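Beneath this line is the structure, given in structure tokens, with notes to follow.
Side-chain atoms are counted along with the backbone in the values below, which use heavy atoms only and exclude waters and symmetry mates. For the single chain, residues carry numbers from 1 onward in sequence order. It should be emphasised that the depicted structure is a prediction, and the values quoted were computed from it without experimental measurement.
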Amino acid sequence: MTAALSAHELIARHRSTLDQALEAIRTRAYWSPHPEHPKAYGENGSLDAAAGKAAFDALLGSRLDLGQPGTDDWVGGETSPYGVDLGVTYPHADLDVLLPAMKAGQRAWRDAGAEQRAVVCLEILKRISDRTHEFAHAVMHTSGQAFMMAFQAGGPHAQDRGLEAVAYAYVEQVRTPDNAEWTKPQGKRDPLAMNKQFTPVPRGIALMIGCNTFPTWNGYPGLFASLATGNAVLVKPHPRAVLPLALTVQVAREVLTEAGFDPNLMALAAERPGEGIAKTLALRPEIRIIDYTGSTEFGDWLEANARQAQVYTEKAGVNTVVVHSTSDYKGMLSNLAFSLSLYSGQMCTTPQNLLVPREGISTDQGPKSYDEVVADLAKSVDGLLGDDARANALLGAIVNPDVKARLEAAAGLGEVALASREITNPDFPGAVVRTPVIVKLDGAKPDDEAAYMSECFGPVSFAVAVDSATDAAELLRRTVREKGAMTVGAYTTDPEVEQAVQEVCLEEAAQLSLNLTGGVYVNQTAAFSDFHGSGGNPAASAALCDGAFVANRFRVVEVRRDA
């Protein structure tokens, strides 16, 4: 296969970016090569807002032919949470044809080495970045995110996470040298001398099972970690969020071809309605790595049954915020209100349980009772979402009927401190838009425990009254240990309480945010600096992103010879 993009050209184009990414994961300082602002696009080959929207519109009702082998049907059926029928159809694969074709290209990809694989991945990410406006509309109309969130989280932030995975993959692969001269003295006899060669080899075909809410942000880390370590990658999108990942596969296949590699190193596995091919794929012997984001039930099934594969899961947890005291009451309420409202609470990092002492908290505005704290938080959410235009821009749309059903049922679980209300989106009248509900529960009542100890995914939060800060820390510990948590937050001015909460999070391996009152929120993480999940509690078996996330996607094989 003739390469239109030589290895030398790709290294010259992307090595400096790779080096900056390597430095960023070492220092954990802020860095991103992908602009967050929509107006930054439109030059050097990137699509501006109008061109990106036109490119997305041109996709509607089309057939996305990826040129994959083994296509036996065309499938689709995505309907936007905003009420738009996408009408895009995708190739349906005969796995007995596609999987062998994917495996065929791995030898040349393996032999290319860590650096060349990394820069090919960076070229894929660069081309995706150039189409960020187009991808943003694809993410918006499959996930229900509002446009600006879809643009940032589905675009530059997702691309950052993919690049971060490539950087970690490169570090782990070059930890061992390619070659070594080994000499062992033997006293009066001649020394023993050997030449040793070390090669990172892929495990096999990686399966990336995408999610509905964050198809690119959650999908890119595993996808690029597997590709950069030499594995072919089969992308199985969520049936309601195929388009962003299908476009990703399309770009990757183009770049692989131009770089002289088999495009079948990346392929799409779209499914017929109700087909449920994830289980079938997960048990195929060719599948040696699985990345999954979604429900705990299916994540547990994968971990128990896909024994031939290395499985990385991000499942679900019950995220908790301990509210003990604060020196910025207004800032605390504002920060929490935003965290509860963002994307209608449809983030795996959104707080669910707010643990508040029943005797109240101390603040810079004087003591506040439990009832006052909850009422003031409700007012803060109301104030944030009081303007419908701003509310639509922050809430997005409810992603599926199950979330709406949970939201409606939550009002019957306890005393409602903040009722959810319906908002009309004038641009998309078919969108289901709802504000959050806050329900008051008592941590001492067994009947309330079933509610706050279960994940209620969506715009639902529980204000749980507890006896003391000590009880809050112990309930936090039990929640993380039994149910898992992607995030933990705490507000306190007491060093002993802070230490107690921090110790719980260290012992139970939960990521902690303390006293957030500004523009950083507990449900947001920054690539190259923050770890998303820990891999140390039931919410996830891996962290995005660390060395452990990439190192077991390949093995090092040694060949040694007498010198």
Side-chain angles (χ1 to χ4, degrees), residues 319-342 345 349-387 390-391 394 415-418 435-444 452 459 461-477 479 485 487-506 510-526 530:
N319 301 318
T320 300
V321 177
V322 175
V323 182
H324 170 262
S325 53
T326 180
S327 60
D328 184 359
Y329 187 59
K330 182 179 179 181
M332 180 190 79
L333 294 174
S334 176
N335 193 282
L336 284 173
F338 188 92
S339 297
L340 300 181
S341 303
L342 185 62
T349 50
T350 300
Q352 174 178 303
N353 293 346
L354 310 175
L355 308 186
V356 185
R358 66 180 76 252
E359 70 270 18
I361 70 172
S362 61
T363 80
D364 57 319
Q365 298 182 18
K368 299 287 184 180
S369 69
Y370 164 83
D371 287 334
E372 286 177 313
V373 172
V374 179
D376 289 344
L377 178 58
K379 290 177 185 175
S380 190
V381 174
D382 254 348
L384 177 67
L385 303 176
D387 176 76
R390 182 168 61 184
L394 188 60
E415 180 185 344
V416 175
L418 175 65
T435 62
V437 63
I438 300 177
V439 179
K440 297 166 76 171
L441 297 176
D442 192 326
Y452 66 73
S461 294
F462 301 118
V464 183
V466 295
D467 289 335
S468 65
T470 299
D471 288 332
E474 286 311 306
L475 180 53
L476 169 65
R477 181 189 300 278
T479 302
T487 55
V488 173
Y491 290 90
T492 181
T493 57
D494 186 324
E496 291 185 3
V497 174
E498 178 178 320
Q499 181 61 38
V501 172
Q502 181 171 308
E503 192 60 31
V504 168
C505 291
L506 291 172
Q511 312 294 11
L512 172 63
S513 298
L514 285 165
N515 297 318
L516 300 183
T517 58
V520 175
Y521 304 94
V522 67
N523 40 355
Q524 297 174 321
T525 58
D530 295 323

With rounding to the nearest 0.5 angstrom, report the CG to NZ distance, D376 to K368.
5.5 Å
Would V522 and L516 count as a side-chain contact (heavy atoms from CB on, under 4.5 Å) here? Give the steps.
CA-CA 7 Å; V522 67; L516 300 183; 4.3 Å; yes
Could you tell me which non-hydrogen atom of T517 sits nearest to which non-hydrogen atom of M332, and how far apart they are?
CG2-N, 3.7 Å
Can you name the salt bridge (Lys or Arg N to Asp or Glu O under 4.0 Å) partners of E474, sequence neighbours left out?
R477
Can you tell me how far apart OG (S327) and OH (Y491) are? Round to the nearest 0.5 Å.
11.0 Å
Has T487 got a side-chain atom pairing as donor or acceptor with T349's backbone, closer than 3.5 angstrom?
yes
Side-chain touch P436/L385, heavy atoms, less than 4.5 angstrom
yes
Separation between OG1 (T350) and OH (Y521), nearest 0.5 Å, reads 13.5 Å
Rounded at 0.5 Å granularity, tell me how far CG in L476 sits from CG in D471.
12.5 Å
For P357 versus Y370, what's the shortest heavy-atom pair and its separation?
O-CB, 3.7 Å
Can you see which heavy atom on A417 is nearest to which on V374, and at what distance?
CB-CG1, 3.4 Å
Give a yes or no answer on whether the side chain of S341 reaches the backbone of A337 with a donor-acceptor pair at less than 3.5 Å.
yes
I'd like to know if the side chain of N523 and the backbone of P351 have a donor-acceptor N/O pair within less than 3.5 Å.
no
Could you go through S325 and T493, starting from their C-alpha distance and side-chain angles, then the distance that decides it, and tell me whether this counts as side-chain hydrogen bond (donor to acceptor under 3.5 Å, both in side chains)?
CA-CA 6 Å; S325 53; T493 57; 3.1 Å; yes
Heavy-atom closest contact (H324 atom, D494 atom, distance):
CE1-CB, 3.7 Å
Taking the side chain as every heavy atom from C-beta outward, state whether Q502 and V504 have any atom pair closer than 4.5 Å.
no
Is any side-chain heavy atom of R358 less than 4.5 Å from a side-chain heavy atom of D467?
yes
Hey, could you give me the CG/CD1 distance between L340 and I438, rounded to the nearest 0.5 Å?
5.5 Å
So does T326 get a backbone contact from the side chain of N515, meaning a donor-acceptor N/O pair under 3.5 Å?
no
For L512 and V501, run side-chain contact (heavy atoms from CB on, under 4.5 Å): C-alpha distance rounded to whole Å, both residues' side-chain angles, the deciding distance at 0.1 Å, then the answer.
CA-CA 9 Å; L512 172 63; V501 172; 4.0 Å; yes
One pair to check against side-chain contact (heavy atoms from CB on, under 4.5 Å): L342 and Q524. What are the steps and the verdict?
CA-CA 10 Å; L342 185 62; Q524 297 174 321; 4.1 Å; yes
Could you tell me whether the side chain of T320 reaches within less than 4.5 Å of the side chain of L475, counting heavy atoms only?
no
Any chance you could measure L336, atom CG, to S380, atom OG, to the nearest 0.5 Å?
8.0 Å
Who pairs with K440 by salt bridge (Lys or Arg N to Asp or Glu O under 4.0 Å), at least two apart in sequence or on another chain?
D371, E415
What closest approach, in Å, do L384 and L394 show between heavy atoms, and which atom pair accounts for it?
CD2-CD2, 3.5 Å
Compare every heavy atom of L355 with every heavy atom of A472, then report the nearest pair and how far apart it is.
O-CD1, 3.5 Å
Using ring centroids (six-membered ring only for Trp), state whether Y452 and F462 fall under 6.0 Å.
no
Donor-acceptor under 3.5 Å (D328 side chain, D364 main chain)
no
